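Okay, so here's the structure we're looking at.
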Amino acid sequence: MDTLHVAIFMLLICICQSDDRLTPAKPLIFPGDKLVSDDGTFALGFFSLTNSTPILLYLGIWYNNIPERTYVWVANRDNPITTRSASLAVTTNTSSLALSDSKGHILWEATTTRSNATAGAGAIAMLLNTGNFVLRLPNGRDVWQSMDHPTDTILPGFKLWTNYKNHTAARIVAWKGPHDPSTGEFSLSGDPDQWGLQIVIWNGTNPSWRSGVWTGGTTASLTKYIWSEIIDDGEVISATYSTTSGLLTHWKLDYTGNVSFRTWSNESSTWTRAFQRPGYGCLHYGACGSFGYCDITGSVQQCKCLDGFEPINGFSLNFSRGCKRKETLKCGGGEDNFLTLPGMKVPDKFMYIRNRSSEECADECIRNCSCTAYAYANLRTILTTGDPSRCLMWTGDLLDSEKAGDMGENLYLRLAGSPTYPDIGHNKEILRKVDLGHFNTFHESWDQNLELPNISFEDLTFATNSFNDTNILGKGGFGKVYKVGTLEDGMEVAVKRLNKDSEQGIEQFRNEVVLIAKLQHKNLVRLLGCCIHGDEKLLIYEYLPNKSLDKFFFDCEMKSVIDWPTRFNIVKGVARGLLYLHQDSRMMIIHRDLKTSNILLDAEMNPKISDFGMARIFGNREQQASTKRVVGTYGYMAPEYAMEGIFSVKSDTYSFGVLLLEIAWNLWKDGMARDFVDKMIRESCLDSPNARPHMSLVVSMLDNEDMPRPRPKQPMYFVQRHYDEDERQGSESSTNNASLTALEGR
Ligand SMILES: *[C@@H]1O[C@H](CO)[C@@H](O)[C@H](O)[C@H]1NC(C)=O
Ligand SMILES: *[C@@H]1O[C@H](CO)[C@@H](O)[C@H](O)[C@H]1NC(C)=O
Ligand SMILES: *[C@@H]1O[C@H](CO)[C@@H](O)[C@H](O)[C@H]1NC(C)=O
Ligand SMILES: *[C@@H]1O[C@H](CO)[C@@H](O)[C@H](O)[C@H]1NC(C)=O
Ligand SMILES: *[C@@H]1O[C@H](CO)[C@@H](O)[C@H](O)[C@H]1NC(C)=O
Ligand SMILES: *[C@@H]1O[C@H](CO)[C@@H](O)[C@H](O)[C@H]1NC(C)=O
Ligand SMILES: *[C@@H]1O[C@H](CO)[C@@H](O)[C@H](O)[C@H]1NC(C)=O
Ligand SMILES: *[C@@H]1O[C@H](CO)[C@@H](O)[C@H](O)[C@H]1NC(C)=O
Ligand SMILES: *[C@@H]1O[C@H](CO)[C@@H](O)[C@H](O)[C@H]1NC(C)=O
Ligand SMILES: *[C@@H]1O[C@H](CO)[C@@H](O)[C@H](O)[C@H]1NC(C)=O
Ligand SMILES: *[C@@H]1O[C@H](CO)[C@@H](O)[C@H](O)[C@H]1NC(C)=O
Ligand SMILES: *[C@@H]1O[C@H](CO)[C@@H](O)[C@H](O)[C@H]1NC(C)=O
């Protein structure tokens, strides 16, 4: 056969084998064949990674539709094929799956429990849309599946289980090198020797990172895209996660021993890595020594000693020897004191004591002089044992703790001192993240009292590809906005990095962030988190796919996309958002920079007001204020504000009027909305603040067509006073002047 014939032959094989299943009559043959899952997401076939001779061939599963070849499973990682052809076949009568080379050597086999050979006849092998490769009997039962034999990747639906009775656990094992899929040094599993679920990265047999101990959450989700479930049946505890379809995500343990959660970004065509452990710093197992802990709540990770302890090495910042007590314990006769350390990832090597109330758990530790600390949680899970308590006790040294902020729990530490019992507060429903811990941190879904999470600068640096310019969504006077493919849970977010020279101090920034976080309205952009790192200040917002309203007005193609009902819906939404700011939220807030570029649109074209950088919060009785520093965007600013620096809710009403004109403008030009403009817009665009309606009236007018409208007053002339350009410094440069000039021309 010449090469053309070989090529045609291979093409034919490809065509007839682009199937999702293998039958005994149709083996998978190298070269040429692959299986593709029904929806096209995954492919299974042969691959090689180097040009070595002889060529090393592997059978594996990868994502079929993305340009970056990414393997999620390898069958024969330690037994590559070295011949020039190979086949994977299902046997007719025994239903096994075997990979053999051209010499007939079997290099890998899917072993099933073949106790009943006749029951196994007629099986087929199928690559499912989930990336799971199964051996399926005619009755639909799967006798083998690749997810029970994972390589280095955890896909949605995969069960990470630990049997804490017979001390076994599911495990993924990293590749040996970037191009070498053979069994590497690093692996990840639940710790089979400890009660409950505690995930560990192992370097050989030594832990190199450890999550916290499960605190009892069962199902959790932070976003509508990703959720997780933990089930404990009193013997086996297992965790799985799921995503909405279309989102490609996985956990991967790489050959350097880091585990990360990765999401495919269609837009940038790369994997975005949103969470990585142990990564840099002191998160390595035991890095801070006995009685030391790694503090990740500050701007830099650092080792510290637990309260009541000091570094053995003095203050050399070398924690390899850990910390020692400042005052030795007296014990006996109840001389000791228990200190509550909130927000901790609790230490390793605990004892689990069953069936204890929180008081009994405390008592157990207080009574026993060798107990150095304890922790307690209520498990919210249906256990066959009917025991919802989780009492943990430590004796001896405390190793590998971490101060993790709201991802942690209370640790009660024994110290010398007068006997006082700790304020346990177990019954208080406080904010706590499910601590699958740091491996998989989600807010528990029953949280009422949601606080804003601190997101680490390290995670944001990863997610934005080190604040790479290619990730920039927009720029303004306050800083740059980056699109982040996904955060640790796969949610798409936008990150605003404030200019380092912004005048706002850390304390002001924090106050503002806390206030904004409390504003919750469907027409306001939601703030999801923040990050303070040295002099860096970052805000994490929900990402809105349809960008800002001005995009639709300044792009000729886009203009026609947004029809009158959509525009009306946008107008109403903005009005409701403003009304909420002005009077329905717990404080009175003046936005001061309302304009089309600050109105973002979600996937359904619902408007959300953004950019509260210049917002002012008013006290209860304050009605108007003045400032020497006029900020805002010329064209949207009310005259009394631009000229005198006086602002009130009515300044926002003025900006709203301008916005309304812009939204209606194109239609007006076409003569379609003349009535609307005549009747309503001019009314809300008046020079005197007193003549402008409150937003509540605007909302009722928009909602209720029959409502009588006040007669508009004749606009007054005003001489535009000159004001210093410098005073506008800090306002976002505006592209909207042009459209307003056009309005004035009419
Ligand atoms: C399977 O079938 C082959 C022939 O098709 C036969 O040689 C072999 O013994 C059978 N194996 C079992 C376990 O029944
Ligand atoms: C083996 O399969 C046969 C037929 O399906 C069934 O009747 C029998 O109970 C099975 N035996 C075992 C041990 O599973
Ligand atoms: C332990 O239990 C698991 C199921 O939870 C089972 O698959 C495994 O074979 C058992 N291992 C041993 C050594 O008993
Ligand atoms: C893993 O262990 C080896 C030998 O025990 C050590 O040399 C290496 O530094 C460790 N790697 C990490 C990342 O901990
Ligand atoms: C990414 O692209 C794939 C293939 O084009 C598509 O099926 C999937 O829905 C897209 N995912 C997202 C989140 O847009
Ligand atoms: C994994 O983390 C270590 C720090 O512990 C870092 O040096 C290394 O570059 C990381 N590996 C990758 C692939 O990012
Ligand atoms: C976030 O970090 C700041 C500064 O490090 C700290 O003051 C604040 O309490 C943290 N918030 C939470 C919820 O952990
Ligand atoms: C820390 O101290 C230990 C023992 O005192 C010493 O062996 C080690 O080299 C020191 N490490 C560093 C980084 O100074
Ligand atoms: C738990 O302890 C209580 C008394 O403290 C006892 O009545 C109950 O039977 C125990 N339950 C279990 C499952 O051991
Ligand atoms: C204290 O705890 C240790 C460890 O569980 C145990 O061996 C010892 O018997 C306990 N002592 C008392 C007095 O309960
Ligand atoms: C930014 O990202 C692009 C594409 O991913 C890359 O080519 C470039 O080197 C990056 N720039 C920096 C400064 O990292
Ligand atoms: C808004 O975004 C959604 C989702 O990205 C998209 O399907 C829709 O076409 C967009 N609408 C407009 C008018 O661009």
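Computed from heavy atoms alone, side chains included, the values below leave out hydrogens, waters and symmetry copies. Computed from a predicted structure; not experimentally measured. Each ligand, and each atom within it, is numbered from 1 in the order the structure gives.
- Every atom of ligand 3 is numbered from 1 in the order shown, and the set under 4.0 Å from a heavy atom of Val236 is 5 (O).
- Of all the heavy atoms of Trp209, none lies under 4.0 Å from any atom of ligand 4, so neither backbone nor side chain is involved.
- Atom 7 (O) of ligand 3 has as its closest protein heavy atom Trp161 CH2, 4.6 Å.
- A donor atom on one side chain and an acceptor atom on the other are not found under 3.5 Å apart for Glu360 and Asn355.
- Residue contact check: Met351 has heavy atoms under 4.0 Å from atoms 4 (C), 5 (O) of ligand 10.
- Between Phe133 and Trp73, the two ring planes are tilted [angle within 30° to 60°].
- With respect to atom 10 (C) of ligand 3, the closest heavy atom belonging to the protein is Asn166 ND2, 2.4 Å.
- Side-chain polar atoms of Thr249 and Trp264 form no donor-acceptor pair below 3.5 angstrom.
- Residues Leu127 and Ile61 meet the side-chain proximity criterion, which asks for heavy atoms closer than 4.5 Å.
- Of all protein heavy atoms, the one lying nearest to atom 4 (C) of ligand 3 is Asn163 ND2, 3.8 Å.
- Atom 14 (O) of ligand 10 lies below 4.0 Å from at least one non-hydrogen atom of the protein.
- Residues His149 and Trp144 have side chains that bring a donor and an acceptor to within less than 3.5 angstrom of each other.
- Atoms of ligand 3 lying under 4.0 Å from at least one heavy atom of Thr168, given by number and element, are 1 (C), 2 (O), 11 (N).
- Remark: SG of Cys294 is not found under 2.5 Å from SG of Cys303.
- For ligand 4, the atoms lying closer than 4.0 Å to a non-hydrogen atom of Asn203 are 1 (C), 2 (O), 3 (C), 8 (C), 10 (C), 11 (N), 12 (C), 14 (O).
- Ser466 and Asn468 form no side-chain donor-acceptor contact under 3.5 Å, judged by distance and modelled atom types alone.
- An N or O contact shorter than 3.5 Å links Asn368 to ligand 10 by distance.
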